[in-house]
Amino acid sequence: MLGIKQEALAFDLGNEWNQKKISMLEQKDVIENDILDQISQALKIPVEAFQNFDEEQAVNIIANTFHEGAVANNSGYINCAFNPIDKIVQIHEEKIALYERMLKEKDEMMARLEKLITK
């Protein structure tokens, strides 16, 4: 319903997760509380939303509440000063920039080590 791919959720949950494990999790009738907590944190959705899930109600909320610049809360929706999608894109761009910086630093360290070894 949120449009999140299994691979993306697995990535957010950590190294021990993969697409197949998420798929198997989706088939379960009962999910352990510690796993629900992990998923809740990754999706930034309260655990209660999973425990009290009603698909028809969720579809209505998404269809009637979410629009450009709106975020759901208990009383309906509030207007945001930012587009949540833009914020997500910004966060991912920051992660990519950090990863690229780390790769550059690793390459520089490897070059220094190679110089030391050849001396």
Side-chain angles (χ1 to χ4, degrees):
M1 294 182 126
L2 297 174
I4 299 171
K5 294 193 176 287
Q6 292 173 337
E7 295 88 356
L9 179 57
F11 178 81
D12 288 342
L13 289 173
N15 291 334
E16 66 275 2
W17 289 88
N18 57 41
Q19 180 274 325
K20 185 175 181 179
K21 190 171 177 182
I22 298 295
S23 180
M24 290 172 40
L25 184 66
E26 289 177 348
Q27 304 304 315
K28 293 177 88 175
D29 290 328
V30 177
I31 299 174
E32 297 80 10
N33 286 338
D34 59 325
I35 294 175
L36 276 180
D37 287 337
Q38 287 179 331
I39 295 168
S40 170
Q41 290 174 9
L43 296 176
K44 296 177 181 37
I45 296 174
V47 171
E48 294 79 19
F50 298 110
Q51 294 169 330
N52 303 321
F53 181 75
D54 178 329
E55 186 171 359
E56 185 176 324
Q57 184 179 10
V59 168
N60 287 335
I61 290 170
I62 291 170
N64 296 323
T65 304
F66 287 98
H67 54 77
E68 187 70 26
V71 175
N73 68 13
N74 288 339
S75 63
Y77 67 90
I78 58 174
N79 286 324
C80 292
F82 64 89
N83 183 336
I85 300 299
D86 290 340
K87 189 68 172 173
I88 291 169
V89 170
Q90 176 190 355
I91 291 168
H92 284 289
E93 288 172 347
E94 290 170 0
K95 286 181 181 180
I96 290 169
L98 174 63
Y99 179 72
E100 288 172 345
R101 269 197 322 272
M102 291 171 63
L103 282 176
K104 182 180 176 189
E105 290 174 8
K106 179 201 64 96
D107 290 342
E108 290 170 355
M109 185 181 1
M110 293 301 292
R112 286 192 300 264
L113 287 173
E114 285 176 4
K115 282 183 183 178
L116 286 172
I117 290 172
T118 57
K119 289 182 180 180

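Values below: every heavy atom of this structure, side chains too, minus hydrogens, waters and symmetry copies.
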Arg112 side, atom CZ; Asp107 side, atom CG - distance, nearest 0.5 Å | 11.0 Å

Verdict with supporting geometry, Ile96 and Glu100, side-chain contact (heavy atoms from CB on, under 4.5 Å) | CA-CA 6 Å; Ile96 290 169; Glu100 288 172 345; 3.7 Å; yes

For Lys104, check side chain to side chain donor-acceptor pair (under 3.5 Å) against everything at least two apart and list the hits.
-> none

Between atom CG of Leu113 and atom OG1 of Thr118, what is the distance when rounded to the nearest 0.5 Å?
-> 10.5 Å

More than 12 heavy atoms of other residues, nucleotides or ligands under 6.0 Å from CG of Asn15: is that the case?
-> no

Enter the distance from Ile39:CD1 to Asp12:CG here, rounded to the nearest 0.5 Å.
-> 11.5 Å

Hey, can you pull the donor-acceptor pairs under 3.5 Å for the side chains in residues 20-30, sequence neighbours left out?
| residue | atom | partner | partner atom | Å |
| --- | --- | --- | --- | --- |
| Glu26 | OE1 | Gln6 | NE2 | 2.8 |
| Lys28 | NZ | Glu32 | OE1 | 3.3 |
| Lys28 | NZ | Glu32 | OE2 | 3.3 |

How many angstroms lie between atom CE of Met110 and atom NZ of Lys106, to the nearest 0.5 angstrom?
-> 6.5 Å

Start with the C-alpha gap between Ile91 and Ile88, add the side-chain angles, then the distance that decides, and say whether side-chain contact (heavy atoms from CB on, under 4.5 Å) holds.
-> CA-CA 5 Å; Ile91 291 168; Ile88 291 169; 5.7 Å; no

Ile4 reachable from Ile35 in the ILVMFWY side-chain graph, under 4.5 Å edges | yes

